[in-house]
**Student:** 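The structure under discussion is supplied below as structure tokens; questions concerning it will follow.
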2 protein chains.
Amino acid sequence: MSLRSHEDVMKAVADPTRVRILKILEEGEMCVCQIIAVIALGQSTISKHLFLLRAAGLIKDRRDKKWIHYSLDGKSVNLYAGPVLRNLRKWLNDDPLVLKDRERAAMAREIGPIAICERGMSLPGRKTARCRPVYDRDAPAAR
Amino acid sequence: MSLRSHEDVMKAVADPTRVRILKILEEGEMCVCQIIAVIALGQSTISKHLFLLRAAGLIKDRRDKKWIHYSLDGKSVNLYAGPVLRNLRKWLNDDPLVLKDRERAAMAREIGPIAICERGMSLPGRKTARCRPVYDRDAPAAR
DNA sequence: CCACCATATCGTCAATTAACGAATTGACAT
DNA sequence: ATGTCAATTCGTTAATTGACGATATGGTGG
């Protein structure tokens, strides 16, 4: 446990997309297809993010039938993972994007993996506009 | 205080060089030329790192005569800075590179800014070999 | 034991980042 | 006022990163 593993964890939580994933996992485990639907980025992109989060010891996975469910790793081998997850739980709970993700995550949980995969890993969303919440670092501060 | 400022702080501590700087500042404030001598990277490189750490609210600066002294920012405006600094204080205290930096920092403090600047911002070091402690992410685990 | 399909991996591209040396800045001290 | 010099900013380069679409993998369920 030294600079190396510290770097892994900090780099993992330095990316807003990965933080968004961690924040929706706070509510409970989720399968990959659901995470893809909520975050609305390419499947390979999400897969890579999950790989990095797991490599950092922040999340763990479990297979159930055709689906792989990810969840926060409560007892990580990485010394730094626990405290970081505990801080995160207290933080960002009023961030607009995190809130929106939570809503979408709730929807994804209701719908369930089967229906989400059938729909091509997307959420219902509004009929007209493409509804994909994105993180824009340079967006004006929340209203 | 949301994803944006969280990102700033986490990105700041995701870089091992910046962590090394924070760890030597734990022992007390230091002027730029001393930090350069301890970390042994280019002057402009260190200056950039200090800029990012300050932008993240992790450190603050103070001018004394010709020298600018940096120190950990105990009461940062960035909500995330305090907890992160507090964690860091507990962490990495047995990392080989951090330990070596501490020795060099002690030396730099003894010598003082004046002498260090005269020496071209370097520490005495062993007579023969170029003695520059570097972080190698892929180095075999510490002996 | 085979086909399917959820997930992982690969290859590519654009954007970001960390390093360097050179040029600039600006406070101090004459 | 002005030269000095510690520190910052600039410009370049190589390495890393995040995104994508296409392809590969391997567990499930027939």
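All chains are named by letter (A, B, ...) in the order of the sequence lines, taking the proteins before the strands, and each is independently numbered beginning at 1. We use all heavy atoms of the structure for the numbers below, so side chains are in, but hydrogens, waters and symmetry mates are not.
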**Student:** What nucleotide among D/dA6, D/dT9, C/dT9 has an atom nearest to a side-chain atom of B/Phe51?
**Tutor:** D/dT9
**Student:** Just wondering, do B/Leu41 and B/Val134 contact through their side chains at under 4.5 Å, heavy atoms?
**Tutor:** no
**Student:** Quick one: which of D/dT9, D/dG18, D/dT28 gets closest to the side chain of A/Lys66?
**Tutor:** D/dT28
**Student:** With rounding to the nearest 0.5 Å, note down the distance linking NZ in B/Lys48 to CG in B/Leu52.
**Tutor:** 5.5 Å
**Student:** Just the rounded figure in Å: distance from P of C/dT16 to CG of B/Asp15.
**Tutor:** 18 Å
**Student:** Categorize B/Ile46 for me: base, sugar-phosphate, or nothing, with a 4.0 angstrom heavy-atom threshold over every strand shown.
**Tutor:** nothing
**Student:** In plain terms, say whether A/Lys23 and A/Glu26 are close enough for a salt bridge, that is, a side-chain N and a carboxylate O under 4.0 Å apart.
**Tutor:** yes
**Student:** Considering only heavy atoms and no angle criterion, is a donor-acceptor pair shorter than 3.5 Å present between the side chain of A/Thr45 and the base of D/dG18?
**Tutor:** no
**Student:** In whole angstrom, give the distance that lies between atom CG of B/Asp64 and atom P of D/dA6.
**Tutor:** 14 Å
**Student:** Which nucleotide in the set C/dC20, C/dC28, D/dT28 lies at the smallest distance from any side-chain heavy atom of B/Lys65?
**Tutor:** C/dC28
**Student:** Grab the CZ-P distance between B/Arg62 and C/dC28 for me, whole Å please.
**Tutor:** 12 Å
**Student:** Out of C/dC20, D/dT9, C/dA18, which nucleotide sits closest to the side chain of B/Arg132?
**Tutor:** C/dC20
**Student:** Taking the side chain of B/Cys33 as its heavy atoms from C-beta onward, which of D/dA7, C/dT7, D/dT28 lies nearest to it?
**Tutor:** D/dA7
**Student:** Please check the phosphate of C/dA23 (OP1 and OP2 only) for any side-chain N or O of B/Ser44 closer than 4.0 Å.
**Tutor:** no
**Student:** Mind calculating the distance between CD1 (A/Ile35) and P (C/dA6) to the nearest angstrom?
**Tutor:** 15 Å
**Student:** Report yes if the side chains of A/Arg109 and A/Glu27 come closer than 4.5 Å at any heavy-atom pair, otherwise no.
**Tutor:** yes
**Student:** Check every strand shown and say whether A/Arg18 touches a base, only sugar-phosphate, or nothing at a heavy-atom separation below 4.0 Å.
**Tutor:** sugar-phosphate
**Student:** Establish, with yes or no, whether the OP1 or OP2 oxygen of D/dT17 is under 4.0 angstrom from a side-chain nitrogen or oxygen of A/His49.
**Tutor:** no
**Student:** Should A/Ile36 and A/Val32 count as side-chain neighbours, where that means a heavy-atom distance under 4.5 Å?
**Tutor:** yes
**Student:** Rounding to an integer number of Å, can you tell me how far B/His69 NE2 sits from C/dC28 P?
**Tutor:** 12 Å
**Student:** Looking only at side-chain atoms of A/Trp67, point me to the closest of C/dA8, D/dG18, C/dA6.
**Tutor:** C/dA6
**Student:** Below 4.0 angstrom from OP1 or OP2 of C/dA8, is there any side-chain N or O of A/Tyr70?
**Tutor:** yes
**Student:** Between the side chains of B/Arg4 and B/Glu7, is the shortest nitrogen-to-carboxylate-oxygen separation below 4.0 Å, so that they form an ion pair?
**Tutor:** no
**Student:** What's the CG-P distance between B/Leu41 and C/dA18, to the nearest Å?
**Tutor:** 12 Å
**Student:** Ignoring hydrogens and angles, does a donor from either the side chain of B/Gln43 or the base of D/dA6 sit under 3.5 Å from an acceptor on the other?
**Tutor:** no
**Student:** Please report, rounded to the nearest Å, how far the P atom of D/dT17 is from the NZ atom of B/Lys11.
**Tutor:** 11 Å
**Student:** Can you tell me the distance, in whole Å, between the CG atom of B/Asp136 and the C1' atom of D/dA15?
**Tutor:** 14 Å
**Student:** Relative to the 5' end of DNA chain D, which residue comes earlier, A/Leu52 or B/Lys48, by the nucleotide with the nearest heavy atom?
**Tutor:** B/Lys48
